[in-house]
Amino acid sequence: MKILVCITHVPDTTSKIQFTDNNTKFDKNGVQFIIGPYDDYALARAVELKEQLGATLTVINVGEAETEPTLRKALAIGADDAIRVNAFPSDSLFVAKQIAAIAKENNYDLIMMGRESIDFNGGMVHGMVGEMLGIPSVSPVMKLEIEGDTVKMAREIEGGKEHLEAKLPLVAGCQEPIAEWKIPNMRGIMSARTKPLQVVDPAGEEIATEVTTYQLPPAKGTVKLVDKDNVEELVKLLKNEAKVL
Amino acid sequence: MSVLVYIEHAEGSVKKTSLEAVSYGKALSEKLSAGEVIAVALGRLDSGELANVGQAGADKVIHVDDEKLNAGVIQAHAEAVAKVYQQSGSSTLVLAKSSMGDAVAARLAVKLGAALVSNVVDLPDTSNGYKVKRSIYTGKAFAETSVNKEHKILAVKKNAVDLKMNGSAAPVEKVDLDIAPANFVTEITSTDKATGEVLLPEADIVVSGGRGMKGPENWNLIEDLAKELGAGTGCSKPVSDIGWRPHHEHVGQTGVKVAPSLYVAVGISGAIQHLAGVNSSKCIVVINKDAEAPFFKAADYGIVGDAFEVLPKLTEAVKALK
Ligand SMILES: Cc1cc2nc3c(=O)[nH]c(=O)nc-3n(C[C@H](O)[C@H](O)[C@H](O)COP(=O)(O)OP(=O)(O)OC[C@H]3O[C@@H](n4cnc5c(N)ncnc54)[C@H](O)[C@@H]3O)c2cc1C
């Protein structure tokens, strides 16, 4: 059993989002980068499956050299080896192509990743990889069990969840509560330093979409406070001023 | 040439977000002279309901009235929409961003060799190339994105476009498609779904509770207000983590992103990860006993007070309005 987990390298959720160079580049100044929170759920579940089934677990990232600490962290959490496709992840189709190319070479049984990245929020890579490999893709998966070659999953839908089954191989876009985030321990951190991290060249370079400029939303005005003993006033404001009732 | 819009439906009605996608398709077609707007619906659905899609701007509805497509099998839906797209000679596919929409759009981008832009918030700008504005960093920024392919898929963010129901009923054309069994390899075994409640991602008003609500036994206060407002109910992440509320109510960076007209947050501190899921709301009301709670900085209106006192009064005041 071979599992591949795709890892995004994204700004920490508390980062202040700013841009430089005439709003054409993300401002990395003072920003800490982390494993995407959804990918972190996928990774945590993959580590559990690895232990339960004796699987091998590879992590992959499409990114430049700066993402290696993020991949090392995934190794510290429990992956056996890592692959970095040495390219700027310009859009989801490009990233999916890289992942599919690696997957074709290595025949993974299960490919897991977050339901979406928290920078561009596309939520597309899992579906694209599934289509490129001609295998099912399911997202957002909140429960995943493997019995033989059958994958039993629960998928979140608007207002509830759906239980479904499919055979391996499969691509899953994951979210909580599939597993709890794992924090690397000292032994994991030590062993991660010497685990293999392979750097490979990208396959093709066609770019379907490209960001030309970034923009921040307009600043929010100050809050209008209403006395707690005068809630009728709030209802009036919502009706007559904000016009939302 | 034409614009194709993929329609989602639940419990016998077309989803509001899909109607918004149709309105977007209509506005796009008018702006770029992109031809007819064709909506495509899969699975069993009443023709009258489908004709209604015309009011949102569709010139025609293609209905693949196949029971096998009732269940949201992603691969089969993508295959069906790809066939309709090719048969109708479309150049653009529009759909609403949703968990099903994302999954189908992604597979379609590969099938059709199309460029895909997700979280679209405005009509394309073609004054210099083809550029679309989309929301990124979970609502904290926007990116003007140039699209370099002939075929385009645009996944529209909810509430980003005005829903205009000023068209007229559209003709519904039934189409039979031959979808290979290989597309039905994922099997949906059962569905647990809350019925009768307002679905959170679709809700026009949302009332959410946080850890300040103290326990699940107090949620009747949230539900009473929600009922008076015709609102959906949400919660913060710790609330669903502890199991006070079901997971599909969890709002924020790692949960549901809502974009209602009105978001009422009760006993939620306003951590940046929670705000990421609500920052597209038109109006935010915060009720918190701590005047220093960060949520007040992101709010339009606020009440500093104890939720257990304020909520019943507010529910009464909303009732009195009617
Ligand atoms: C990677 C990551 C992702 C995350 N994603 C999310 C997410 O998607 N959604 C999310 O919500 N959180 C998320 N979080 C967690 C987030 O950081 C906060 O911990 C969480 O939002 C806090 O929830 P809360 O406001 O309900 O609880 P608290 O922070 O404990 O706040 C409770 C609030 O209730 C008020 N209160 C208490 N009693 C009363 C009363 N009687 N009346 C009125 N007010 C009262 C208090 O003043 C306080 O402001 C994430 C965290 C991380 C690290």
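We name chains A, B, ... by the order of the sequence lines, and we start the count at 1 in each one.
The minimum heavy-atom distance linking A:Ile207 with B:Asn148 is given by the pair O-ND2, 3.4 Å. Taking both residues in full, the closest heavy atoms of B:Ser118 and A:Asn121 are given as OG-O, 4.2 Å, listed atom of the first, atom of the second, then distance. Scanning both residues, A:Arg115 and B:Ser99, for their nearest heavy atoms gives NH2-CB, 4.5 Å. What you find for A:Leu216 and B:Ala141 is that their closest heavy atoms are CD2-CB, 4.2 Å. A:Ser15 and B:Ile272 get closest at one heavy-atom pair: O-CD1, 4.3 Å. Of all non-hydrogen atoms in B:Gly139 and A:Pro217, the two that sit nearest each other are O-CG, 4.1 Å.
How far OG1 of A:Thr222 is from CG of B:Asp300: 10.0 Å, rounded to the nearest 0.5 Å. Atom NZ of residue B:Lys140 and atom CD1 of residue A:Ile118 lie 6.5 Å apart, to the nearest 0.5 angstrom. To the nearest 0.5 Å, atom CG of residue B:Leu108 and atom CE of residue A:Met128 are 10.0 Å apart. Put simply, CG on A:Leu164 and OG1 on B:Thr189 are 6.5 Å apart, with the number rounded to the nearest 0.5 Å. In this structure, OH in A:Tyr214 is found 8.0 Å from OG1 in B:Thr145, a value given to the nearest 0.5 Å. For the atom pair CD of B:Gln75 and CD1 of A:Ile135, the computed distance is 9.0 Å after rounding to the nearest 0.5 Å.
Using a 4.5 Å cut-off between heavy atoms, A:Met153 makes no contact with chain B at all. With a 4.5 angstrom heavy-atom cutoff, A:Asp229 touches chain B via backbone and side-chain atoms both. Proximity to chain A is limited to the side chain of B:Asn119, based on heavy atoms less than 4.5 angstrom apart. Within the 4.5 angstrom heavy-atom criterion, only side-chain atoms of B:Leu199, from C-beta onward, approach chain A. Neither the backbone nor the side chain of B:Leu275 comes within contact range of chain A; no heavy atom of the residue lies under 4.5 Å from a heavy atom of that chain. Contact of A:Glu116 with chain B is made through the side chain alone, with heavy-atom distances under 4.5 Å. When heavy atoms are compared at a cutoff of 4.5 Å, B:Leu200 does not approach chain A at all. With a 4.5 Å cut-off on non-hydrogen atoms, B:Val117 touches chain A through its side chain but not through its backbone. Of the two parts of A:Lys161, the backbone and the side chain both hold a non-hydrogen atom closer than 4.5 Å to a non-hydrogen atom of chain B. If you measure heavy-atom distances from B:Ala71 to chain A, you find no contacts under 4.5 Å at all. Both the backbone and the side chain of A:Val138 come within less than 4.5 Å of a heavy atom of chain B. Only the side chain of B:Val285 comes within contact range of chain A, with at least one heavy atom under 4.5 Å from a heavy atom of that chain. Using a 4.5 Å cut-off between heavy atoms, B:Pro246 makes no contact with chain A at all.
B:Lys131 pairs with exactly one of A:Val211, A:Thr212, A:Thr213 by the side chain to side chain contact (heavy atoms under 4.5 Å, CB included) rule, that one being A:Thr212.
Comparing B:Val318, B:Leu116, B:Ile284 by how many heavy-atom pairs each has under 4.5 Å with chain A, the most go to B:Leu116. With respect to chain B, the highest number of heavy-atom pairs below 4.5 Å among A:Pro140, A:Gly130, A:Gly221 belongs to A:Gly130. Each of A:Lys228, A:Lys224, A:Lys16 has some count of heavy-atom pairs under 4.5 Å with chain B, and the biggest count is that of A:Lys224. Most heavy-atom pairs under 4.5 Å with chain A, from the set B:Thr186, B:Ile188, B:Thr191: that is B:Ile188. The candidate with the highest count of non-hydrogen atom pairs below 4.5 Å against chain A, out of B:Val147, B:Leu229, B:Leu321, is B:Leu321. Counting heavy-atom pairs closer than 4.5 Å to chain A, the top-ranked of the candidates B:Ser261, B:Ser190, B:Ala299 is B:Ser190. Top candidate by heavy-atom pairs under 4.5 Å with chain B, chosen from A:Ser139, A:Pro11, A:Ser117, A:Gly123, is A:Gly123. Among the candidates B:Ala317, B:Cys283, B:Ala115, B:Gly302, the residue making the largest number of heavy-atom pairs closer than 4.5 Å to chain A is B:Gly302. The candidate from B:Glu202, B:His247, B:Gln253 with the greatest count of non-hydrogen atom pairs under 4.5 Å with chain A is B:His247.
Counting heavy-atom neighbours within 6.0 Å of A:Glu64 CD, excluding the residue itself, gives a total above 12. Counted within 6.0 Å of CG on A:Asn29, heavy atoms from surrounding residues, nucleotides or ligands total 12 or fewer; the atom is thus considered open. For A:Glu147, the CD atom is loosely surrounded, since the number of other residues' heavy atoms within 6.0 Å does not exceed 12.
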List the steps and the verdict of side-chain hydrogen bond (donor to acceptor under 3.5 Å, both in side chains) for B:Gln273 and A:Thr13.
CA-CA 6 Å; B:Gln273 296 94 351; A:Thr13 51; 2.8 Å; yes
Between A:His163 and B:Asp192, does a side chain to side chain contact (heavy atoms under 4.5 Å, CB included) hold up when you go through it step by step?
CA-CA 8 Å; A:His163 299 274; B:Asp192 320 328; 3.1 Å; yes
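By the 4.5 Å heavy-atom criterion applied to side chains, A:Glu156 and B:His250 are not counted as neighbours. Using a 4.5 Å cut-off on side-chain heavy atoms (C-beta onward), A:Leu93 and B:Val110 make contact. Residues B:Val185 and A:Lys167 form no side-chain contact, since every pair of their non-hydrogen atoms from C-beta on lies 4.5 Å or further apart. Contact check for B:Asp102 versus A:Met124: side-chain heavy atoms found under the 4.5 Å cut-off. Side-chain contact between A:Val231 and B:Val310 is present, with at least one heavy-atom pair separated by less than 4.5 Å. For the pair A:Glu176/B:Asp241, a side-chain contact is recorded, criterion being any heavy-atom separation below 4.5 Å from C-beta on. A:Ile157 has its side chain out of reach of B:His248: every pair of non-hydrogen atoms, C-beta onward, lies at least 4.5 Å apart.
Residues from residues 232-245 of chain A that place a non-hydrogen atom less than 4.5 Å from a non-hydrogen atom of chain B comprise A:Glu232, A:Leu234, A:Val235, A:Leu237, A:Leu238, A:Lys239, A:Glu241, A:Ala242, A:Val244, A:Leu245, given in numerical order. Residues of residues 289-298 of chain B lying under 4.5 angstrom from chain A, judged on non-hydrogen atoms, are B:Phe296, B:Lys297, B:Ala298 by number. Interface residues of residues 35-42 of chain A toward chain B, defined by a heavy-atom distance below 4.5 Å and sorted by number: A:Pro37, A:Tyr38, A:Tyr41.
Ring pair B:Tyr137/A:Phe26 is parallel by interplanar angle, where below 30° counts as parallel and above 60° as perpendicular.
Sorted by first and then second residue, the salt bridge (charged side-chain N to carboxylate O under 4.0 Å, His left out) pairs involving residues 118-131 of chain A (not counting sequence neighbours) are A:Glu131-B:Arg107, A:Glu131-B:Lys111.
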